Every structure is written in structure tokens, then in C-alpha cells.
Protein chains: 2
Amino acid sequence: MARTQGSHSDITGPRIREAALGLFARHGYAAVSMRQIAGEVGVQAGALYNYTPDKQSLLFRLMQDHMQELLAAYEELEPQADALGALRQFVGFHIRFHMQRPDEVFIAYMELRNLTPENFAEIEKLRRRYEDALQSILLAGQKDGLFSVQDAKIATLAVIAMLNGVMTWYRAGGRLSLDEVEQIYWDMVRKAVAA
Amino acid sequence: MARTQGSHSDITGPRIREAALGLFARHGYAAVSMRQIAGEVGVQAGALYNYTPDKQSLLFRLMQDHMQELLAAYEELEPQADALGALRQFVGFHIRFHMQRPDEVFIAYMELRNLTPENFAEIEKLRRRYEDALQSILLAGQKDGLFSVQDAKIATLAVIAMLNGVMTWYRAGGRLSLDEVEQIYWDMVRKAVAA
DNA sequence: GTCTATAAGGGGATAGAC
DNA sequence: GTCTATCCCCTTATAGAC
């Protein structure tokens with residue numbers, strides 16, 4: 001794996017982000033050194049600085065890209081006729097999108113405290129936008145008499161917390177298929193906010 | 001703050017654990033140095049090793065004590081007549097117990113990956129015992145026709161994940177009292193597992 | 001664009017004086 | 001029980017050769 005010389009600007013950048021993603025997710029940002037990342041990529045540590053100004057930017061960019069992809073993917077979903085359909089769509093989307101990106105998800109909520117204050121604020125803004133999408137669904141359903149939640153903000157956070165729990169235990173090839181998981185969680189979410 | 005000489009074996013030990021607890025929770029285990037901990041306590045780094053064989057044991061002991069206190073406190077609750085009462089009691093207990101120990105809770109689920117494999121297994125065993133308590137309630141209620149969950153194990157994890165979400169946003173003195181929070185979450189949990 | 005070499009500093013943990 | 005001093009290794013980031 002250990003390379004010697006040569007120019008690979010087009011592929012080294014993505015490989016650095018890939019390596020950083022996996023290592024940060026496995027060991028934590030603070031516990032991973034630039035040498036480790038370089039080692040995985042097959043370059044020397046100094047070469048990393050052709051692609052990132054510093055370690056912090058590497059983390060921030062991973063988190064920012066993840067949140068922007070999440071929002072973009074969500075905004076491309078088909079509009080739903082009613083709040084019940086929209087909620088079901090949200091549950092399915094959330095589970096499936098996050099299940100495909102376990103490392104990004106893990107980093108996005110474990111490494112918030114390792115962001116500089118400015119970077120933290122930026123990520124929080126994106127996270128808030130996603131939460132607001134769910135809150136809008138709950139409020140619309142409440143208005144139409146489909147849902148009954150005492151506090152839309154708390155219900156939003158409760159639903160997302162519940163769904164995020166999937167990532168801590170689900171493993172592909174386990175006892176349950178993704179369809180079954182989605183169905184089980186949808187059943188609980190639906191009942192939890194039901195009128 | 002900076003002390004010079006003297007013997008304080010009876011108070012230094014607890015102060016070290018206290019300092020480590022706060023620092024680990026705020027900055028993360030990997031990002032905190034033994035020198036920082038010593039600085040907060042007011043001793044030199046070398047003195048810490050009279051109380052802990054190494055940094056890892058400091059983390060493990062904090063997590064182990066927390067889990068053992070959680071289990072002991074839960075086991076002292078009054079027995080309930082039916083599963084509905086037991087579930088309500090669990091929800092109230094979980095929220096209130098964890099709300100009083102935000103740092104311990106944060107560490108207990110953020111720093112699992114920084115434990116050695118042996119220590120990790122030990123903490124997991126304790127966590128499993130706590131989850132089993134909730135799962136027993138759900139299974140009993142299912143049998144009595146009070147609850148309807150498709151999968152008791154998943155429902156257990158879903159409920160705990162939802163409740164743990166409280167710790168990420170609740171601040172004393174905020175918009176809602178602890179009673180209100182407990183009531184709102186109880187309402188959602190009750191409905192989510194209802195028959 | 002990558003390398004080697006290095007600056008400047010912090011890390012965990014230990015030894016021996018007091 | 002705590003201190004000072006130290007070992008030895010690792011850290012992020014930069015400089016300059018190729």
C-alpha cells in the first residue's frame with residue numbers, strides 16, 4: 001500500500017475524506033491522528049495538507065456534506081396529500097437514508113463538541129432545518145385532527161431520537177429486514193402521535 | 001488553587017473522579033489529558049497515579065459506578081400492580097434519574113468506544129440488565145392485553161432512545177417543568193405501545 | 001503533489017526526593 | 001501522598017527538495 005512518489009490530485013482528496021470518515025467514526029476525532037489518516041491513504045502526513053488546511057476542516061466538511069445531502073435528498077421526495085402520508089414518508093426516508101450512511105450519522109452526532117464554535121453553529125443550522133421539516137408535518141396533522149401531540153417541538157425531537165436508535169443496533173443480515181424495521185417503527189411513531 | 005505539599009488521601013480521590021467526570025463530559029475522554037485533570041484538582045499529574053492505575057481505569061470506574069447506581073436505584077422502586085403502572089414508573093424514573101446526572105449519562109453512551117474490550121463487555125452487561133427490566137414490563141403488558149408491540153426488543157430500545165433524547169435538550173429553568181416533560185413523554189410512550 | 005525532515009509542543013506514565 | 005524531573009513517544013503543522 002505504501003506509495004513512494006507521484007501525483008494523484010484527483011483521487012487522493014476523496015480517499016482522504018473516506019479514510020477520515022471511517023477512522024473518526026471508529027475511534028473518534030480526538031483519538032485519530034493525521035498520520036493514521038495518511039497511513040490509510042498511503043501517503044505521508046504532510047501530503048494531507050495539500051487537501052485540507054487542517055484537521056478541523058476535515059471534520060467540518062464531512063459533517064457539512066452529510067447534512068447537505070440529507071436535506072437535498074429529503075427535499076426531492078414527492079409531496080404527500082396529507083400529514084399522515086408525509087409522516088410515513090419521513091419515517092421511511094429517515095431510516096433508509098441514515099442506514100446507508102452509518103459512519104456519517106455516527107460522526108454527525110458524536111463529534112459536535114469537537115467543532116469550533118463557528119463550525120458548530122453552521123451544522124446546527126442545517127440540523128434545525130431538518131427538524132423543522134418534521135415539526136411542520138406534526139403541526140399540519142394536528143391542525144387537521146389527524147395527530148394529537150401536547151408539544152410539537154418535543155414530539156419532533158422524540159420521534160427523531162427514537163428513529164436514530166435504529167442505527168445503534170441494526171445490522172444488515174440480522175433477524176429483521178429493513179422493510180420489517182421500517183414497518184415496526186412506523187407503527188410506533190404513528191401511534192405515539194395519533195389523535 | 002495550586003497547592004504545594006501535604007496529604008489528603010480521603011478527599012483527593014473523589015475530587016479526581018469529579019474533575020475527570022466534568023472534563024470527559026465536556027471535551028471527551030480522548031481530548032482530556034491527565035495534566036488537565038490534575039490541574040482542576042490542584043495537584044501535579046504524577047499524584048493522580050496514587051488513585052488510579054491509569055487513565056482507562058478512571059473512565060471505566062466512572063461508567064461502572066453510574067450503571068450500578070442506576071440499577072440499584074431502579075431495583076428499590078415499589079413493585080407495581082400491573083404493567084401499565086410499571087411502565088409509567090419506568091418512564092418517570094428514567095427521566096428523573098438521568099436528568100440528575102447529565103455528565104454521567106453523556107459519558108456512559110459517548111465513551112463506550114474508548115473502553116478496552118474487557119471493560120466494554122462489563123458495562124454492556126450492566127446496560128443489558130437495565131434494558132431487560134423494561135423489556136419484561138412490555139412482555140408482561142403484552143400478555144395481559146394492555147400493550148401491543150410487534151417486537152418487544154425493538155420497542156424496548158425505541159422507548160429508551162426516545163427518553164434519552166430528553167437529555168439533549170432539557171435545561172432546568174426552561175420553558176417546561178420536569179413534571180410537564182415527564183407527562184408529555186409518558187403520553188407518547190403510553191400511546192406508542194398501546195393495544 | 002508528494003516526499004523527508006523538522007519545529008514546537010503535549011501525551012501517559014514512572015522514579016526518587018521529601 | 002505529593003512533588004519535581006524525566007523518559008519516550010506521539011501530536012499538528014510547516015519548509016524545502018524533488
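Numbers restart at 1 for each chain; the letters A, B, ... are given by sequence-line order, proteins then strands. Keep in mind that this is a model prediction, so the values were computed, not measured.
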Problem - Whole-Å gap separating P (dG1(D)) and CD1 (Ile16(B)) - result: 11 Å
Handout entry: d(CG, Asn50(B); C1', dG1(D)) in whole Å
Key = 5 Å
Exercise for the section: With Phe90(B) as reference, evaluate Tyr185(B), Phe97(B), Tyr130(B), Trp186(B) under the ring-ring contact (aromatic ring centres under 6.0 Å, His included) test and give the passing residue. Expected result: Tyr130(B)
Problem - Side-chain N or O of Thr12(A) closer than 4.0 Å to phosphate OP1/OP2 of dG1(C) - result: no
Handout entry: Arg129(B) and Glu75(B), any side-chain heavy atoms less than 4.5 Å apart
Key = yes
Fill in the blank from the handout: All heavy atoms of Ile16(B) vs all of Val41(B), minimum pair found to be CA-CG2, 3.8 Å
Completion exercise
Tracing side-chain contacts under 4.5 Å among Ile, Leu, Val, Met, Phe, Trp and Tyr outward from Leu139(B) reaches none
Practice task
Decide yes or no for Ile107(A) and Tyr29(A): does some side-chain heavy atom of the first lie under 4.5 Å from some side-chain heavy atom of the second?
Solution key: no
Handout entry: Annotated protein contacts, base or backbone, on nucleotides 9-15 of chain C with a non-hydrogen cut-off under 4.0 Å, one of B, S, - each
Key = --BBBB-
Problem - Under-4.0 Å side-chain N/O to phosphate OP1/OP2 contact, Gln44(A) with dT2(C) - result: no
Problem - Glu111(A)-Asn114(A) side chain donor-acceptor pair, cut-off 3.5 Å - result: yes
